[in-house]
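As the structure is a computational prediction, the values presented were derived from the model and not from experiment. Every number for a ligand or one of its atoms is a count from 1 in the order of the listing.
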Amino acid sequence: MGPGPAQQQWGDARQAAAKLDAEGVRAIALTWVDNAGIARTKTVPTARLAPAVQRGVGMSPVFDVFTADDAITASAHLGGPDGDLRLFPDLDRLTVLAAQPGWAWAPVDRYDQLGAPHPGCQRQFARRMVDRAADAGLTLRMGFETEWVVARAPGPGGQPGGAAGTGRLDGSAGTGEPLEYPCVGPAYGMSRVVELSDYLRDVAEALALQGIDVLQLHPEYAPGQFEVSTAAADPLRAADDLVLVRETVRAVSLRHGLRASFAPTVAAGQVGNGCHLHLSLSRGERSLHRAPDEKWGLDPDAVGFLAGVLETLPALLAVGCPSPASYLRLAPSAWAGAYQCWGVENREAALRLVTGAPGDPDGGHAEIKPFDAAANPYLAVGAVLAAGLHGMSAGTALPPPVAGDPGALGVRERARRGIVRLPSSLTESTDLLARSTVLAEAMGEVLHGAVIAVRRAEEAHFEGVEPEEIAAATRWRY
Ligand code: GLU
Ligand code: MG
């Protein structure tokens, strides 16, 4: 008989640590993403990997009710100084960090001290929902797009504007601080790629060295904005990938004297950073987006799933657009998908059906546009799965697709076609999340309650604050 799972893990971790050590890796960053969307970490020396895998690393459950500005709130179940959790690194995702020499990274699952899953663990929530889909015979593939803005990072303390020590949340001198972009080329302009040739090559190289399958890397619309999209993967892997991509872009940026902002709104009134979620459904080998005899090529189960996502989207916004800054980005006619509608290859629809080239077996999928990078990707993945699976089992129907920009239609025409605006504030989406029985059941009381508590605290923090100041306060948090 071979060793039991615990011994096996210990053996694997010892081997992995020896290999890392030989490669010069001295420390491992163990990350999880909190409900506010911030990747938090404990790091361990490489020699402590095996004990961490076997016994976990301690961290307080209070982080479940941290807000993006590091204030602490409370929910019915969480808050206060008591208790401890164990963080267990996932060895399968252990990755040497290309842009942080001597470092490796692994995401964690969180358990209580007796070994029971922590009910607030977002990564286990995502995994539970993937399992739920599998029980329904479904395989999902997902991939996130990462958009970010680069700015120069001059000044003492490395803070843009050189205003470290001012006591402001973002370390900036004030809301009017001009951002200094390292490139001046136009949107999607090749000149931006030429200007930042070394930087972008280093981003691409670091991601490749870390096993991230990049589909595209390109300049985006807003000043200093770029985007990288990654290949579709198992949903949990897609969420892990997003964390790794973001921290890698951040690290490469700093090595080039730049700072990366993944905030929903980097500058008020400007196009923001989205974090669109692409997803496709299949049963075994059969794509549910390539049903030859069905309308839009969609198998009835795919219709139900997508309709469930669309129907739940207003409440899902409290997960995918979690900051007051998210609603500054989510404006009509900004490619962010501000209306609750779907469309075939329509970049203004919140849910875009991507048909791809005819006959392309990998072409069919859908894109959820409103989500941004302040979202916890594990929560996003899990909540979308919950909403879609509910829609599928309820046989929910899709309304007629919308062509063109719904924001360009008159109020009357939108009303006639039943196209409604998605929530335009965090308060509105959080109220809907609080009332959503589908999401409450899927998340469980502890997680659902913690997310709502964090949203309420961020709403209160920014109550009555001007857009420019919200943007400035959140710009360097994500
Ligand atoms: N930056 C846009 C957003 O806020 C998206 C642009 C695009 O379609 O890629 O979502
Ligand atoms: Mg984009």
Is there a polar contact between ligand 1 and Lys369, counting only N or O atoms under 3.5 Å apart? yes
Looking at ligand 1, does any of its N/O atoms fall within less than 3.5 Å of an N/O of Gly272? yes
Of all N, O or S atoms in [X], which has the smallest distance to the Mg ion (ligand 2)?
X	value
Glu227	OE1
Glu220	OE2
Glu147	OE2

Run the numbers for me: atoms of ligand 1, each under 4.0 Å from some heavy atom of [X], listed by number.
X	result
Glu227	9 (O)
Gly274	3 (C), 4 (O), 10 (O)
Val271	1 (N)
His276	3 (C), 5 (C), 7 (C), 8 (O), 9 (O), 10 (O)

Scan side-chain atoms only and decide if [X] and [Y] contain a donor-acceptor pair under the 3.5 Å cut-off.
X	Y	result
Gln122	Arg110	yes
Asp241	Thr230	no
Asp198	His256	no
Tyr339	Glu348	no
Thr265	Tyr327	no
Ser253	Tyr199	yes
Trp105	Thr31	yes

Nearest-contact summary for [atom] - protein heavy atom, Å:
atom	result
atom 1 (N) of ligand 1	Glu147 OE1, 2.7 Å
atom 4 (O) of ligand 1	Arg329 NE, 2.7 Å
atom 9 (O) of ligand 1	Glu220 OE2, 2.9 Å

Solution key, residues 300-317 side-chain donor-acceptor pairs under 3.5 Å, sequence neighbours excluded:
residue: Asp301; atom: OD2; partner: Arg283; partner atom: NE; Å: 3.3
residue: Asp301; atom: OD2; partner: Arg283; partner atom: NH2; Å: 2.5
residue: Thr312; atom: OG1; partner: Gly308; partner atom: O; Å: 2.7

Show your working on ring pair (Phe, Tyr, Trp, His ring centres under 6.0 Å) between Phe371 and His276 and close with a plain yes or no. CA-CA 6 Å; Phe371 290 6; His276 308 173; 9.5 Å; no
Return yes when Arg347 approaches ligand 1 closer than 4.0 angstrom through a heavy atom, no otherwise. no
